[in-house]
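Throughout, a chain's letter reflects where its sequence line sits, starting with A, and its residues are numbered from 1.
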2 protein chains.
Amino acid sequence: MSRKPFETSVAELTQSLGLLIRRVRAATDNHELSLTESMVLARLDQQGPLTTAELARIESMKPQSMGATVGALEEAGLVQRTPHPTDGRQLLVSLTTKGAEMRRAFKDAKRSWIANAISQLDKQEQETLFAAGEILRRLAEQ
Amino acid sequence: MSRKPFETSVAELTQSLGLLIRRVRAATDNHELSLTESMVLARLDQQGPLTTAELARIESMKPQSMGATVGALEEAGLVQRTPHPTDGRQLLVSLTTKGAEMRRAFKDAKRSWIANAISQLDKQEQETLFAAGEILRRLAEQ
DNA sequence: TATTGTTATACTCTATAACTATA
DNA sequence: TATAGTTATAGAGTATAACAATA
């Protein structure tokens, strides 16, 4: 196979990411959760109740921005805020029954177009994608 | 190697993409070009002068949105608009000298944090990333 | 009638700044 | 003094709607 120049490959990757970002945003308009909202539900599902500040740190966002996201999820009835037992400043965010159901639906790969699309790729392409995901995470955290 | 459940891998990939999107946006604030602006410059560099409507189709955006992007690039002196020789409705967007210089700088992988970061990965990781880029583009266009 | 482009307006996501309450 | 959270405001990126000019 003939190798492309490095810059061409980077340009193509950048373009793919750009298209994907807009595709994700478009899906959001279609009554799906936003990327950040999905990420928050997944975190709460995996790690149990967390505070807004903790969620912000995990997702590399400002606490005020995460506050808005959590507020939207709360308004949608997917999460609830309860006072921290010992620290009066903190509010613990946790999944509601409806939020937990939403997560299960996502895991079925039926409700999220991206999970659904990935599930239709062959095994090797899925492996490539997941491996790239880990590399991209390292890049993002740099 | 122990395989993770599919849903876990999808969740991790989604999280990586989310972090990356925010990282790209943060870089934009630091006087770098936005992702879309970079994509437009790359297109014009590769394919020569194009109209706003053509650029919009290529990038899966509405012509009005692309008009704003092109307007920003024009204000920055990176592109110019010239009347189409035969079709009075169209304006051809092309790189200015300054815009062409900007593209060369990007190709040096010094000005763009993402190109720079990728250049520091080992060859195999770069291959994985570029292969994933092609898969992601297919997903985005679905 | 279809297409190119412009202008006006609005929405989402995230940021900064200023504040209160608690530790 | 530091941390958790809220509220107000702003900016970037994109969308929809309504319009003018040209094909």
Atom pair OG1 (T52(B)) and CZ (R81(B)), whose distance is rounded to the nearest 0.5 Å: 5.5 Å
Contacts under 3.5 Å, N or O only, protein and nucleotides 2-5 of chain D:
{"unit_1": "dT3(D)", "atom_1": "O4'", "unit_2": "R89(A)", "atom_2": "NH1", "d": "3.4"}
{"unit_1": "dT3(D)", "atom_1": "O2", "unit_2": "R89(A)", "atom_2": "NH1", "d": "3.1"}
{"unit_1": "dG5(D)", "atom_1": "OP1", "unit_2": "L91(A)", "atom_2": "N", "d": "2.8"}
{"unit_1": "dG5(D)", "atom_1": "OP1", "unit_2": "L91(A)", "atom_2": "O", "d": "3.1"}
{"unit_1": "dG5(D)", "atom_1": "OP2", "unit_2": "A53(A)", "atom_2": "N", "d": "3.0"}

dA15(D) P sits how many Å from E59(B) CD, rounded? 12 Å
Would you kindly give the CG-to-P distance between L55(B) and dT6(C), to the nearest whole Å? 12 Å
Please round to the nearest 0.5 Å and tell me the distance separating atom CD of Q15(B) and atom CZ of R137(A). 9.0 Å
N/O (side chain, T36(B)) to phosphate O (OP1/OP2, dT14(D)) under 4.0 Å: yes
From C-beta outward on R25(A), which listed nucleotide comes closest to its side chain: dC13(C), dG13(D), dA15(D)? dG13(D)
Separation of atom CE in M61(A) from atom P in dT12(C), rounded to whole Å: 15 Å
For atom CD of E75(A), is the number of surrounding heavy atoms from other residues, nucleotides or ligands below 6.0 Å larger than 12? no
R22(A) CZ to dA12(D) C1', in whole Å, measures 14 Å
Measure all distances between protein nitrogen or oxygen atoms and nitrogen or oxygen atoms of nucleotides 16-20 of chain C, and list the pairs falling under 3.5 Å.
{"unit_1": "dA17(C)", "atom_1": "N6", "unit_2": "Q64(A)", "atom_2": "NE2", "d": "2.9"}

What is the separation between atom CD1 on I21(A) and atom P on dC13(C), rounded to the nearest whole Å? 14 Å
With side chains defined as the heavy atoms from C-beta onward, is the minimum distance between E59(A) and R22(B) less than 4.5 Å? yes
Looking only at atom types and distance, does a side-chain atom of T51(A) sit under 3.5 Å from a main-chain N or O of L91(A), one as donor and one as acceptor? no
Whole-Å distance, H84(A) NE2 to dA23(C) P, equals 11 Å
Just the rounded figure in Å: distance from P of dT14(C) to CE of M66(A). 8 Å
Can you find a pair of side-chain heavy atoms, one from M61(B) and one from M39(B), that are under 4.5 Å apart? no
Without decimals, in angstroms, what is the distance between L20(B) CG and dT14(C) P? 13 Å
Side-chain donor/acceptor of E37(B) to backbone N/O of L73(B), under 3.5 Å: no
Is the phosphate of dA12(D) approached by S34(B) (side-chain N or O, under 4.0 Å from OP1 or OP2)? no
Side-chain donor or acceptor of S16(A) paired with backbone N/O of L136(B) under 3.5 Å: no
With heavy atoms under 4.0 Å as the rule, sort G67(B) into base, sugar-phosphate or nothing. nothing
I'd like to know if the side chain of E12(B) and the backbone of E134(A) have a donor-acceptor N/O pair within less than 3.5 Å. no
